[in-house]
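Letters A, B, ... mirror the listed sequences (proteins, then strands); counts begin at 1. Heavy-atom basis, side chains included; hydrogens, waters and symmetry copies ignored.
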2 protein chains.
Amino acid sequence: MFKINEKPTIKDIARLSNSSIATVSRVLNNVDYPVSNELRESILKVAKELNYKPNIYGRMLKGGQSKEIGLLIPNISNPFYSELVSGVERICIKRGYTPIICSSYNDKKLEKKHLDTLLMKKVDGILASIIGDSADIIREMKLENSKYVLFDQNHNDDSCYSISYDFENSGFIAASYLLNQGLEKIAFLSTPFDRKSRQEIFEGFKRAFRLKGKTFSEDYLIVEGLPENEIEQNAEIQNGIHLTKIMLQKIGKPEAIVAINDITALGVIQELANRKITVPDDISLISFDDIPLAEMVTPKLTTVRQPAFQIGKIGANMLIDRIENMYEGKKSIIIEPELIVRKTVMEKE
Amino acid sequence: MFKINEKPTIKDIARLSNSSIATVSRVLNNVDYPVSNELRESILKVAKELNYKPNIYGRMLKGGQSKEIGLLIPNISNPFYSELVSGVERICIKRGYTPIICSSYNDKKLEKKHLDTLLMKKVDGILASIIGDSADIIREMKLENSKYVLFDQNHNDDSCYSISYDFENSGFIAASYLLNQGLEKIAFLSTPFDRKSRQEIFEGFKRAFRLKGKTFSEDYLIVEGLPENEIEQNAEIQNGIHLTKIMLQKIGKPEAIVAINDITALGVIQELANRKITVPDDISLISFDDIPLAEMVTPKLTTVRQPAFQIGKIGANMLIDRIENMYEGKKSIIIEPELIVRKTVMEKE
DNA sequence: GTGAAAGCGCTAACAC
DNA sequence: GTGTTAGCGCTTTCAC
């Protein structure tokens, strides 16, 4: 018999089926190779009896693919990213890969450590939304000539495959919609513009004003941030509360508010409610992302959809296509945002 | 030189540092073994120059630990589970493990496939919240003599390590709190009692009535379910909406509602709002879980905390302790729930 | 059709 | 202190 309490190997199968490891390997891998039916049956029978499971490490050593991809994100418990992950997962399931999910919790050291782990595991590729020095991370991935695709990154590096939203247009859509409802005193609430995305949304926002022949007064730009530390998972909502307080103090009640994302918008609603100010009756509110929550809360959020699930799916397909050397699309994919009208903006009747 | 475009191995390092693979292995593993400083320096220098990363597959083949644990859950994009995952992740980071997260999306076939993948990867252990036939899954894990810990499972199997909440007490706490506020016409809204947890919550709920010398009229028990299919990610909130409609039709407006979880409660609020019924002014509402959302929405949810993050942390520690043969706690850990008073229950003044 | 044997990168037992 | 070597489970080449 084979070793007690040890996993059976092809050797055991070979012995018990009176054949050789080579033949067993051929049969089990269903490789296109002539094997007598009799032997084949016998081998399969023994394999089944032993409840044989191949040892992937033996296989990997021969230089196989790990069929794993790394997924480097800031925080799995942020609904935006858990949606993104979900999209990646679906594609991975369909295409036979396992995603290794790593949250860096806004800790650059940890992010680097995760990267090292992934590289060591020799994952077939990496999907990353980097919080730290992206140049650094990219360099390392290149060094290991790992395949990778970046989400929404601040990279100036043309050599990277990436996927992102058209943030400028997002901002434009939001502002245009408000202006079209006759709302003009609009406050823009955001955490600091340290990510390109936020700056771009603001640029599009201003473009909408320009196009209507109006000017945006910088007094209405409220940018402030608790230092970005998402370990406190409700940091973003705290930002919304904080920004609202500052806004009310600086400029009083505007007609409408643009919040940099849905979670921030939730904070805005909460702080306004504290002061008996109702959305949308007293102030209209629009934000960005359209996380699933957006239509679960009351009132349902009017928002500009930047679909996390979809970007996850597209990104995963892009990466796997690259891994399998069949990617033929563009190096940089841009997803167009979409206005989702719900209940937080008072519409002109 | 070593092979172009290939990863350097200890062989390459040995060659370039004029030593042997054994010595290289010793130095790199920092094993307690005498090596001359000169050689050590030289080896480390070469390793660094080559940007050497050990191949874990070679190591694993020798029977090492994978330092991975499997995490089998229903759905990563459900906030409850993304919190749980987050808890597991923290512990894994601290203790040097990588969690492999697998969502089964309520598909039993997929769950089984994930399990096979995990077993094949020879993860050091598995944390599981099983949706399918748990006996089946447990049998397989035992067969592979894999270490495992179950979350909140319907297992009758005493031989299992598990962690769960005291659901009966949760139900008791919720009902007692409402009754103490003078609320007596209380509806209980839940999806079908196919999980032990829901039945237990209801038992505790009834116990509170009994203890106050009151009886709960079964008319007020509203159990109904869209077939459980969380692929539609907002299935749970739809359940809340659906249950509310049925309730209003069957019994009209109760004084208070107990909803089986926070997301369902969000659906309740939404449907009531549609009909201009306000929480808590017209109807009080309490639910279970205390997902982060619960205090982000307006009104903030009064709920009985069944802390997902904490259960994730404890479960991960339990599993890793078992893996490292240092677990000394109980086979079955029960977490006590806690009442979190916020804004959805009208308090007696 | 089938089997023997080399070798993937690493660790560890053994030899010097 | 250092080096040689066997062997982990598998795939694959080569020989029969």
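Between the side chains of B/Glu144 and A/Asn51, a donor-acceptor pair is found at a separation under 3.5 Å. Side chains of A/Ser332 and A/Ser162: a donor on one and an acceptor on the other come within 3.5 Å.
For the OP1/OP2 pair of C/dC10 and a distance below 4.0 Å, the side-chain nitrogens and oxygens of B/Tyr52 include at least one atom meeting the criterion. Checking the phosphate oxygens (OP1, OP2) of C/dC8, no side-chain nitrogen or oxygen of B/Asn55 falls inside 4.0 Å. Remark: B/Ser25 is not in phosphate contact with C/dC10, judged by side-chain N or O atoms under 4.0 Å from OP1 or OP2. OP1 or OP2 of C/dC8 has at least one side-chain nitrogen or oxygen of B/Lys11 nearer than 4.0 Å.
Taking atom CD of residue B/Glu41 and atom C1' of nucleotide D/dG1, one finds them 16 Å apart after rounding to whole Å. At whole-Å resolution of the value, CD1 in B/Ile10 and P in C/dA12 are 11 Å apart. In this structure, OH of B/Tyr57 is placed 16 Å from C1' of D/dT11, rounded to the nearest angstrom. Regarding A/Leu28, its CG atom lies at a distance of 12 Å from the C1' atom of D/dG9, rounded to whole Å. One atom, NZ of A/Lys62, and another, C1' of C/dG7, lie 5 Å apart when rounded to the nearest Å. Summarising the geometry, the separation between CG on A/Asp12 and P on D/dG9 is reported as 8 Å, rounded to the nearest angstrom. In this structure, A/Arg59 places its CZ atom 18 Å from P of D/dC8, rounding to the nearest Å. Per the geometry, CZ belonging to B/Arg15 stands 13 Å off P belonging to C/dC10, to the nearest Å.
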Got a list of protein N/O to nucleotides 1-4 of chain C N/O distances below 3.5 Å?
from: C/dT2; atom 1: OP1; to: A/Ser36; atom 2: OG; distance (Å): 2.9
from: C/dT2; atom 1: OP2; to: A/Ser36; atom 2: N; distance (Å): 2.5
from: C/dT2; atom 1: OP2; to: A/Ser36; atom 2: OG; distance (Å): 3.3
from: C/dT2; atom 1: O4; to: A/Tyr33; atom 2: OH; distance (Å): 2.6
from: C/dG3; atom 1: OP2; to: A/Ser20; atom 2: N; distance (Å): 3.1
from: C/dG3; atom 1: OP2; to: A/Ser20; atom 2: OG; distance (Å): 3.4
from: C/dG3; atom 1: OP2; to: A/Thr23; atom 2: OG1; distance (Å): 3.1
from: C/dG3; atom 1: N7; to: A/Arg26; atom 2: NH1; distance (Å): 3.2
from: C/dG3; atom 1: O6; to: A/Arg26; atom 2: NH2; distance (Å): 2.2

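A/Asp136 is linked by a side chain to side chain donor-acceptor pair (under 3.5 Å) to A/Arg139, counting only residues two or more places apart in sequence or in another chain. Under the side-chain contact (heavy atoms from CB on, under 4.5 Å) criterion, B/Ile323 pairs with B/Gln65, B/Ile69, B/Tyr97, B/Asp124, B/Lys147, B/Leu319, not counting sequence neighbours. Partners of A/Thr98 according to the side-chain contact (heavy atoms from CB on, under 4.5 Å) rule, which considers only residues two or more places apart in sequence or in another chain, are A/Glu68, B/Ile100, B/Thr117, B/Lys121. Applying the side chain to side chain donor-acceptor pair (under 3.5 Å) rule to A/Asn55 yields no partners; only residues at least two apart in sequence or on another chain are considered. Among residues two or more places apart in sequence or in another chain, the side chain to side chain donor-acceptor pair (under 3.5 Å) test is passed with B/Glu89 by A/Ser103, A/Tyr105. The ring pair (Phe, Tyr, Trp, His ring centres under 6.0 Å) check on A/Tyr57 picks up B/Tyr57, with sequence neighbours excluded. For A/Leu44, the side-chain contact (heavy atoms from CB on, under 4.5 Å) partners two or more places apart in sequence, or in a different chain, are A/Val27, A/Leu28, A/Arg40.
The overall bend of the helix from C/dG1-D/dC16 to C/dC16-D/dG1, read as the angle between its terminal helix axes built from five base pairs each, is 50° when rounded to 10 degrees.
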